Enquirer: 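Have a look at the structure that comes next, please.
For clarity, every value in this text was computed on a predicted model and none was experimentally measured. Just follow the structure's listing: the first ligand is 1, and inside any ligand the first atom is 1.
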Amino acid sequence: MDTGARQVDVAIIGAGAAGLMCAIAAGRRGRRVLVMDHANKVGKKILMSGGGRCNFTNLHTTPEHFISANPHFVKSALSRYSPWDFIGLVEKHQVPYHEKKLGQLFCDRSSKDIVRILLAECAAAGVEVLTDCPVTVEQLGPPHRLHTGHGQVQCESLVIATGGYSIPRMGATGYGFDFARQLGLAVQPTRAALVPVTLEGRKLRQLADLSGVSLDTETSADGVAFRENILFTHKGLSGPAILQASSYWEAGKPMDIDLFPDLDIAEHLREARRERPRVELKTVLSDLLTRRVAQRLCELWLESKPLDQMSAADIDQVERTCKPWRIWPSGTEGYRTAEVTLGGVDTGGLSSRTMECRDHPGLYFIGEVVDVTGHLGGHNFQWAWASGHAAGQHV
Ligand code: FDA
């Protein structure tokens, strides 16, 4: 039937990490693939990621690095597209990279290298990519009919790769979540994650001038702990440990920050009291926590006095205050600065092997729009690559 619409095998909405990887995999299989994005450039989040150097994967990615209502969902896709598969692509294009820490791989030069790889692979696989192209789904099939900024499109497989809400000024929308809800699919509640937390009122006034100070800690929320740095900011707290813990934090609950993750602080103080009895508590804490933080702790919650005047109760007080130091965030900085959206299209409605919707044949959801959220450190891109690749084998 001639509908006047352009015919393709696969239409993908969203030219981000997941959409482009899906397009490459499908194009290599000989499928006619069209990728459309309403933004004026592809892969804007890739470009801004990793401080401009894109932490494109993590050597140690396992299913345990992901949060989802169904923690088993990620297993199939991750096992079929590993960090080494993506590293193979990076090496094929001779893009220099390095491990920064904890298995996190970054580009030596710029995130632009990753976008270049993806576009070169799309071109080699015969994939067409359109930017400045808003899309609405007119009729769900298959065949599916789409209204786009470049005319009508008809496709057998439709892939939703529109990402999450974070960084709206980069083109992020809730399109994928809204579309799923319209179809009656379950969507797990969404909220900003991998995001700095805010403090208010007296607590903020007490700490705001520590802005810029960073400390090695073990920070936990809801019983899940991360051994990383925290960073004081003029709005509250950030740094990798806080970002990680924010994904487990719920409004109204505390975060616990162990300021001496490797140290029995009570024993340390007793030993220091034996060896340097005239030294003040503030001085001992300065060696461990920086002078500014030690001073603030002593102004607010501890009494600094020479160690030989400290009683067992005083030493207990230090331990109770700092191990952990309990904070009650007033909120987070929200989607404006969050790296990811927690929650999303419920995995119960999707095949973990192909990402296809159980109730709507030929419709797929991949990447961040799905209720899968990785820890900090390259795991989110690994999910985008793996879920995109899984769908790309089937569309
Ligand atoms: P992504 O958001 O990449 O792509 C979605 C695309 O859909 C966008 O191009 C958007 O314009 C388009 N779109 C949205 N709505 C549309 C509509 N209605 N019509 C048409 N197009 C539409 N992760 C990591 O592993 N390592 C890192 O270093 C970082 N760093 C980082 C820094 C910052 C500042 C942020 C915000 C995020 C990160 N991340 C990260 C997270 C990572 O960027 C994210 O998990 C992936 O980009 C998700 O890939 P997707 O393809 O699912 O969505």
Side-chain angles (χ1 to χ4, degrees), residues 11-23 34-58 61 65-66 83 86 97 100 102-107 111 114-115 118 129-137 146-150 158-179 192-196 238 240 243 247 333-342 344-345 355 364-389 391:
I12 301 175
I13 309 182
L20 292 173
M21 178 55 79
C22 179
L34 176 64
V35 190
M36 291 157 287
D37 202 298
H38 66 167
N40 60 353
K41 255 200 257 178
V42 305
K44 281 192 176 182
K45 273 198 199 156
I46 300 174
L47 292 172
M48 74 188 303
S49 68
R53 293 243 165 99
C54 187
N55 177 195
F56 55 81
T57 191
N58 190 300
T61 294
H65 291 101
F66 296 88
F86 196 78
Y97 66 94
K100 195 166 170 189
L102 307 170
Q104 301 167 4
L105 301 190
F106 285 77
C107 296
S111 309
I114 299 297
V115 174
L118 295 170
V129 183
L130 295 176
T131 51
D132 288 312
C133 185
V135 190
T136 46
V137 180
L146 314 177
H147 180 74
T148 84
H150 291 68
L158 173 62
V159 183
I160 309 296
T162 46
Y165 291 112
S166 47
I167 325 280
R169 72 189 153 82
M170 285 290 151
T173 67
Y175 179 82
F177 307 128
D178 298 340
F179 181 59
L194 297 183
V195 63
S238 184
L243 299 187
S247 298
E333 289 188 11
Y335 291 117
R336 197 181 53 78
T337 59
E339 280 202 13
V340 283
T341 301
L342 196 77
V345 177
M355 308 292 137
Y364 300 75
F365 288 86
I366 57 172
E368 194 179 325
V369 73
V370 178
D371 171 35
V372 170
T373 306
H375 288 177
L376 194 74
H379 304 290
N380 281 299
F381 277 133
Q382 189 55 35
W383 169 247
W385 314 136
S387 59
H389 184 262

Enquirer: So which of E339, R53, K44 gets nearest to atom 39 (N) of ligand 1, if we judge by its closest heavy atom?
Expert: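 Nearest heavy atom to atom 39 (N) of ligand 1 lies in E339.
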Enquirer: Can you list the residues that meet the ring-ring contact (aromatic ring centres under 6.0 Å, His included) rule with H65, with sequence neighbours excluded?
Expert: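 With sequence neighbours excluded, H65 shows a ring-ring contact (aromatic ring centres under 6.0 Å, His included) to H375, H379, given in chain and number order.
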Enquirer: Could you list which atoms of ligand 1 come closer than 4.0 Å to a heavy atom of A39?
Expert: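 It comes down to these atoms of ligand 1: 11 (O).
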Enquirer: For atom 15 (N) of ligand 1, grab the closest protein heavy atom and report residue, atom and distance to one decimal in Å.
Expert: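 That would be T173 OG1, 2.7 Å.
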Enquirer: Measure the distance from atom 4 (O) of ligand 1 to every protein heavy atom, then report the residue, atom name and distance (to 0.1 Å) of the closest one.
Expert: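 The closest one turns out to be G16 CA, 3.4 Å.
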Enquirer: If the contact criterion is a heavy-atom separation under 4.0 Å, does A172 count as touching ligand 1?
Expert: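 Contact check A172 vs ligand 1: negative.
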Enquirer: As an exercise, identify every atom of ligand 1 less than 4.0 angstrom from a heavy atom of I167.
Expert: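 So the answer, numbered in order with elements, is 36 (C).
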Enquirer: Closest approach of V369 and I160, non-hydrogen atoms and distance?
Expert: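 Scanning both residues, the minimum pair turns out to be CG1-O, 3.8 Å.
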Enquirer: Closest by any non-hydrogen atom to atom 8 (C) of ligand 1: pick that one out of D37, I46, L20.
Expert: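 It is D37 whose heavy atom sits nearest to atom 8 (C) of ligand 1.
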Enquirer: Indicate yes or no: does an N/O atom of H38 lie under 3.5 Å from an N/O atom of ligand 1?
Expert: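 N/O-N/O distance below 3.5 Å exists for this pair.
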Enquirer: Give the residue and atom name of whichever protein heavy atom lies nearest to atom 26 (N) of ligand 1, and the separation in Å to one decimal.
Expert: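 Nearest protein contact, heavy atoms only, for atom 26 (N) of ligand 1 is N55 O, 2.9 Å.
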Enquirer: Nearest to atom 25 (O) of ligand 1, what protein heavy atom do you find, and at what distance?
Expert: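 Checking every protein heavy atom, the shortest distance to atom 25 (O) of ligand 1 gives F381 N, 2.8 Å.
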Enquirer: What atoms of ligand 1 come within less than 4.0 Å of a heavy atom belonging to A338?
Expert: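 In order of number, 36 (C).
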Enquirer: Counting from 1, what ligand 1 atoms have a heavy atom of G14 closer than 4.0 Å?
Expert: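 This gives 6 (C), 7 (O), 12 (C) as the contact atoms.
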Enquirer: Taking only residues two or more places apart in sequence, or in another chain, which ones meet D132 in a salt bridge (charged side-chain N to carboxylate O under 4.0 Å, His left out)?
Expert: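 By the salt bridge (charged side-chain N to carboxylate O under 4.0 Å, His left out) rule, D132 matches no residue at all.
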Enquirer: Look at atom 53 (O) of ligand 1 and say which protein heavy atom is nearest, naming residue and atom and giving the distance to 0.1 Å.
Expert: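 For this ligand atom, the closest protein heavy atom is G163 CA, 3.4 Å.
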Enquirer: Are F56 and F381 close enough that their ring centers fall under 6.0 Å?
Expert: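 Centroid distance F56-F381: not below 6.0 Å, so no.
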Enquirer: Using a 3.5 Å distance criterion without hydrogens, assess whether the side chain of H38 forms a donor-acceptor pair with backbone atoms of G171.
Expert: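 Yes: the side chain of H38 pairs with the backbone of G171.
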Enquirer: What I want to know is whether Q382 and ligand 1 share at least one N or O pair that is separated by under 3.5 angstrom.
Expert: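 Not met; the criterion fails.
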Enquirer: Identify the two heavy atoms, one from V129 and one from A15, that lie closest to each other, and give their separation to 0.1 Å.
Expert: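 Closest approach of V129 to A15: CG1-CB, 4.3 Å.
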Enquirer: Can you list the atoms of ligand 1 that are under 4.0 Å from a heavy atom of G367?
Expert: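 Per the distance check, 52 (O).
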Enquirer: Just to check, does G377 reach to within less than 4.0 Å of ligand 1 when the distance is taken from its heavy atoms?
Expert: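 Contact absent.
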Enquirer: Would you say ligand 1 has an N or O under 3.5 Å from any N or O of G43?
Expert: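 Not met; the criterion fails.
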Enquirer: Near I13, which atoms of ligand 1 are under 4.0 Å from a heavy atom of that residue?
Expert: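 Numbered from 1, ligand 1 contributes 19 (N), 20 (C).
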Enquirer: Which residue and atom name correspond to the protein heavy atom nearest atom 44 (C) of ligand 1, and how close is it?
Expert: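 Here the nearest protein heavy atom works out to E368 OE1, 3.3 Å.
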Enquirer: Has ligand 1 got any nitrogen or oxygen that is less than 3.5 angstrom from a nitrogen or oxygen of S166?
Expert: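 No.
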Enquirer: Polar-atom distance check: A18 versus ligand 1, any N or O pair below 3.5 Å?
Expert: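 Indeed, backbone or side chain, A18 has an N or O that close.
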Enquirer: Please check if the side chain of S111 supplies one atom and the backbone of G52 the other of a donor-acceptor pair under 3.5 Å.
Expert: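 Yes.
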Enquirer: Under the 3.5 angstrom rule, does the side chain of N58 hit a backbone N or O of G377 as a donor-acceptor pair?
Expert: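 Indeed, once roles are kept as given, a pair shorter than 3.5 Å links the two residues.
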Enquirer: What is the nearest protein non-hydrogen atom to atom 30 (N) of ligand 1, stated with its residue, atom name and distance?
Expert: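 Looking only at protein heavy atoms, the one closest to atom 30 (N) of ligand 1 is S49 CB, 3.2 Å.
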Enquirer: Under 3.5 Å, side chain of K45 to main-chain N/O of S166, donor-acceptor pair present?
Expert: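 The answer is yes, because a donor-acceptor pair under 3.5 Å joins these two groups.
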Enquirer: Between atom CG of L342 and atom CG of L194, what is the distance when rounded to the nearest 0.5 Å?
Expert: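 Taking CG in L342 and CG in L194, the distance rounds to 8.5 Å.
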Enquirer: Below 4.0 Å from any atom of ligand 1, is there a heavy atom belonging to A161?
Expert: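 Within the 4.0 Å threshold, so yes.
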Enquirer: List every atom of ligand 1 that sits less than 4.0 Å from any heavy atom of Y175, numbering the atoms from 1 in the order shown and giving each element.
Expert: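 It comes down to these atoms of ligand 1: 18 (N).
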Enquirer: Let me know which of L130, V135, L34, I13 forms a side chain to side chain contact (heavy atoms under 4.5 Å, CB included) with T148.
Expert: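 Result for side chain to side chain contact (heavy atoms under 4.5 Å, CB included) with T148: V135.
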Enquirer: Between the side chain of W385 and the main-chain N/O of M21, is any donor-acceptor distance below 3.5 Å?
Expert: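 No; judged by distance alone, with no hydrogens or angles, the pair does not exist.
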Enquirer: What protein heavy atom lies closest to atom 2 (O) of ligand 1? Include the residue and the distance to one decimal.
Expert: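 Nearest protein contact, heavy atoms only, for atom 2 (O) of ligand 1 is K45 NZ, 3.4 Å.
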Enquirer: Would you confirm whether N380, through its side chain, and G374, through its main-chain N or O, come within 3.5 Å as a donor-acceptor pair?
Expert: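 Yes: the side chain of N380 pairs with the backbone of G374.
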Enquirer: Please answer whether the main-chain N or O of Q382 pairs with a side-chain N or O of T57 as donor and acceptor at a distance below 3.5 Å.
Expert: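 Absent.
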Enquirer: Report, in ascending order of atom number, the atoms of ligand 1 lying under 4.0 Å from any heavy atom of N380.
Expert: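 Reading through ligand 1 atom by atom, the close ones are 23 (N), 25 (O), 45 (O).
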Enquirer: Is the backbone of D37 close enough, under 3.5 Å, to the side chain of T131 for a donor and an acceptor to pair up by distance?
Expert: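 No; judged by distance alone, with no hydrogens or angles, the pair does not exist.
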